[in-house]
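Throughout, protein chains are lettered first and strands after them, A, B, ... in sequence-line order, and every chain is numbered starting at 1. Just so it is clear, the structure is predicted and the values come from calculations on it, not from any experiment.
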There are 2 protein chains.
Amino acid sequence: MTELQRRPTLMDVAKAAGVSRALVSIVMRGAPGAAESTRQKVLEAARELGYRADSRARLLRSSRTRLLGLIFSSSQPFHAEIVDAAYAEASARGYEIALSAVAAGRPEARAIETLLDVGAEALIIIAPTLSTEELALHARRVPVVSLLREDVGGLVDSVSSDDYAGIRIAVEHLASLGHRQIAHVDGGTAVSSDQRREAYRAEMLRHGLVPVVVPGGPDEETGMRAGQALQADLPTAVIAFNDRSALGIMESFRAAGISIPADISVLGYDDSHFARLSYVQLSSISQDAPLLAAAAVDRAVDRVEGTLPPGRVVRTPHLVLRKTTGHAGAQKVDQN
Amino acid sequence: MTELQRRPTLMDVAKAAGVSRALVSIVMRGAPGAAESTRQKVLEAARELGYRADSRARLLRSSRTRLLGLIFSSSQPFHAEIVDAAYAEASARGYEIALSAVAAGRPEARAIETLLDVGAEALIIIAPTLSTEELALHARRVPVVSLLREDVGGLVDSVSSDDYAGIRIAVEHLASLGHRQIAHVDGGTAVSSDQRREAYRAEMLRHGLVPVVVPGGPDEETGMRAGQALQADLPTAVIAFNDRSALGIMESFRAAGISIPADISVLGYDDSHFARLSYVQLSSISQDAPLLAAAAVDRAVDRVEGTLPPGRVVRTPHLVLRKTTGHAGAQKVDQN
DNA sequence: ATCGTCGTCTAGATCGTTCTAGTCGAACCA
DNA sequence: TGGTTCGACTAGAACGATCTAGACGACGAT
C-alpha cells in the first residue's frame, strides 16, 4: 500500500526558495520581472521538488490552458496519421493536445463535452458529422476547426483537401494512360463521398467520357462487394473512395483472376499505411495528412491567440504513383 | 467575428433561482440536503442558463475529476478496439476518459504528463514500454494500470492476457489437426514477443515437436519477410506473432503460389479487424479486447475509489476458428 | 535634499467550485 | 414553556494558480 504523495504547489517552491508565491509564478511562466539570480534559485528549488504547475488552478485563474482538443474516430486508421502530425505541430507552437475519440456509443457531442471539461481552448474535429447548426453552437464558445469537411457554416474554420482537385488528378492520370472506361466506387454515406462523386461525374464529362458510379463505402467489405458488382461489365480503370475500399475491390478482382494493372487499373485515395505496403503498392491520391494536420493546428492556435475571423484553408492533394495503375490494354507488368 | 460568451457560473444560477451558491452546488451534485421543491427550482434555472459545472474549479476544490487517463499507441489498430471498449466501461462506472497517444517523437513520459496535467485520477497504459522503475515512480502519485504487459513491478496493477495459454491453445489446435512441423514467426522487440516465443518453445517440446522460430515483427512487412524465409523449408503450419504479421506471411505465400490452408495452416493472434475481413478469414487467438479493457477500467476505478493494493488480472485467450487452419496434408478446402 | 523612475519583489484579491461550520425556524417531547 | 433535534439553507474559507497594485531600494536628475 503506497501513500499517494501530495504534489508540490507554488507555495512549497516559494518556501524552499525563500521568496513569495507571486515571484515563483513569474519565474515559472518565464514572465519578465525577476532578477536572473533569483530566477535561477527558484528554478533550482522547483526542479528539486519536482514541481509542475497545476493546470486546473492555472486555467481557473488565467483561462489559458494551452490545450487543444482533437476529436477523431478510433476506427479510421487514416485519422491516426493525422493525430501523430497534430501532436508534432502543436508542441512546436507550445500547445498540448487532448484527444477524444468518437466510437460506437460515443457520439461527437459527448467527445466535445469531455474536451471542453478538461479545458481545451479550441476544438479540432476530424470529419465532423454534426450539423452546421450544432457546430455553430459550439463555435460560439470556443474556436472550432473542421478538418476534412468544408461545408461547416461561417462560424467554424475549415481545413480541407480539395476533393474536386483530387478527383480531377485521378481522372486525368487515368485518362492520360489511355483509359476511357473509368468507374468510381463511392463512399456511401461517408464524409466527402458526395463531393468526390460529383467531381468524378463532372470530370468524366469534361473528358468526354461516360461516368459509372458503383455504390460502395469506406471499408474493405463494401469495396469488395462493389468490386464484384463491377465485374459484370468490367471497366479498364476504377477510382475508389479510399484505400480501404480499394483493397476490397482489388481482393474481389484477385478472387476472380482479374489481374492488376494488366486487366484493370485501381486508384485509391488517402495514401494510407495500407497503400504503402510492399505487397500492395497501391497508387493513391494523397491528402498529405501531416500538412493538413499542421494547418488545422495552426488555425486553431491563431484563432485562440488572435482575433482573426474564421476562414477556410484548402490544400491540393497529389498523386502518389505506385503499381496498380498502368496503360489501358497494357500487357501485364511485373506487379511486385 | 463572434463574441465568445462567458459561461454561466454557480453564482449566476444562484441569483436566478434566488438561493445561495452552496445550495446550487448541492443540487448540481445531487447531494442530500435540499428540499425537493427548491431542487426543481434550481435545476430549472440551471437548464435555462445552460449551466455546466466548470470541471477545473470543481476539481481544484474537491480533487475529484472522475477522469481516467488512457495511453495508447496511434499506430496499433488493435489499441483502437481497446479504446472503444474502455469508453463504454468507464462511462458505465461514471467516469470519463482522457486519451493520450504515444507516437513518433512523443514518448510515453510526455503522454503521462499531459494526462496528469488535465487531472486524470488514474492511468491506464496499453503495453507500456517504460521501465518498471519509471512506472513505479508515477505509481507513487496515482494508480497505474498496465494493460497487456505483466512484468511491471509491485506498485502498478496489471491486466493482461495469458500469453502462455494463448500459445498453448494455438499449438494444441494445430497439433490436434495433425501438424508436426509448426513454426513460429515472433514479434521481434514488441511487447509480449519474448513470452510468446518461450511459450511456443516449451509447448512444442511438451508435444514432442521441434520448435522453429523465425524472427519477425509486429507488422505486415516483417511478416512477409519471415514468410519468405519460411519457404526455404516449408512447415505445415505457422503461428504468427499477431494478425498483421500473419497477413504479411500469407501474402508471401500467395505470391509463391502456396495455398492456405491446403499447403500450410496460418494462425494469427489478436483476432483483430483484419482477421475478420471476409476475404481474409484468418483463424486467430483472441485476447478479447473489450473484456481486457473493461477489466483495466474496473481496476483503475477500484484503486481510485478504494484503498485496495495493486494486483494482477490475467485473462485466458481463446481460439477463433476461421478458414486459414486445416488438417495437415489435407486436400485444398474451399478457402472462401 | 527632493523627486521620479526603474527593477525587483510581495500582499491580497480573484477565478468557480466544494466543504465546514454554522444559523434559522419548525416540530417534537417532557 | 423551554430545550432538543432535525431539515433546509447560507456565509466564508479553502483549493492552487494568476494578476493588480503597490512597497522598497537604488539611482540619476533637478
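Distance, A:Glu36 CD to C:dT8 P: 10 Å, rounded to whole Å. Taking atom CG of A:Leu23 as the reference point, atom C1' of C:dG7 lies 12 Å away to the nearest angstrom. Here the P atom of nucleotide D:dG16 and the CG atom of A:Asp12 are 8 Å apart, to the nearest Å.
Annotation: salt bridge (Lys or Arg N to Asp or Glu O under 4.0 Å) contacts of B:Arg58 (sequence neighbours excluded): none. A:Glu48 meets the salt bridge (Lys or Arg N to Asp or Glu O under 4.0 Å) test with no other residue; sequence neighbours excluded. Remark: B:Asp162 engages no residue in a salt bridge (Lys or Arg N to Asp or Glu O under 4.0 Å) (not counting sequence neighbours). B:Arg106 meets the salt bridge (Lys or Arg N to Asp or Glu O under 4.0 Å) test with A:Glu96; sequence neighbours excluded. Under the side-chain contact (heavy atoms from CB on, under 4.5 Å) criterion, A:Ser75 pairs with A:Ser73, not counting sequence neighbours.
For A:Thr38 and C:dC9, the shortest distance from a side-chain N or O to OP1 or OP2 is below 4.0 Å.
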Please list every donor-acceptor pair under 3.5 Å in which a side-chain atom of residues 132-139 of chain B meets a protein atom from a residue at least two apart or in another chain.
from	atom 1	to	atom 2	distance (Å)
B:Glu133	OE1	B:Ser131	OG	3.3
B:Glu134	OE1	B:Ser131	N	3.3
B:Glu134	OE1	B:Ser131	OG	3.1
B:His138	ND1	B:Glu134	O	3.2

Extract all donor-acceptor atom pairs below 3.5 Å that involve side chains of residues 288-296 of chain A and protein atoms in other chains or at least two apart in sequence.
none

Taking distance alone, no hydrogens or angles, what donor-acceptor pairs closer than 3.5 Å link side-chain atoms of residues 145-156 of chain B to residues at least two apart or in another chain?
from	atom 1	to	atom 2	distance (Å)
B:Ser146	OG	B:Arg149	O	2.7
B:Arg149	NE	B:Asp151	OD1	3.2
B:Arg149	NH1	B:Pro128	O	2.6
B:Arg149	NH1	B:Leu130	O	2.9
B:Arg149	NH2	B:Leu130	O	3.3
B:Arg149	NH2	B:Asp151	O	3.4

Which atom pairs link the protein and nucleotides 24-27 of chain C when you take only N or O atoms and keep those under 3.5 Å?
none

Could you list all N or O pairs between the protein and nucleotides 17-20 of chain D that sit under 3.5 Å apart?
from	atom 1	to	atom 2	distance (Å)
D:dA17	OP1	A:Tyr51	OH	2.9
D:dA17	OP1	A:Asp54	N	3.2
D:dA17	OP2	A:Leu10	N	2.3
D:dA17	O5'	A:Tyr51	OH	3.4
D:dA17	N6	A:Arg21	NH1	3.3
D:dT18	OP1	A:Arg58	NE	3.0
D:dT18	OP1	A:Arg58	NH2	3.3
D:dT18	OP2	A:Ser25	OG	2.4
D:dC19	OP2	A:Arg29	NH1	2.9

- Given A:Ser25 and A:Arg29, is the side-chain hydrogen bond (donor to acceptor under 3.5 Å, both in side chains) satisfied, shown in steps? CA-CA 6 Å; A:Ser25 172; A:Arg29 278 178 289 143; 3.1 Å; yes
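Applying the salt bridge (Lys or Arg N to Asp or Glu O under 4.0 Å) test to residues at least two apart or on different chains, the pairs with a partner in residues 79-91 of chain A are A:Glu81-A:Arg276.
The C1' atoms of five pairs define one axis at each end of the helix from C:dA1-D:dT30 to C:dA30-D:dT1, and these two axes lie 60° apart (to 10°).
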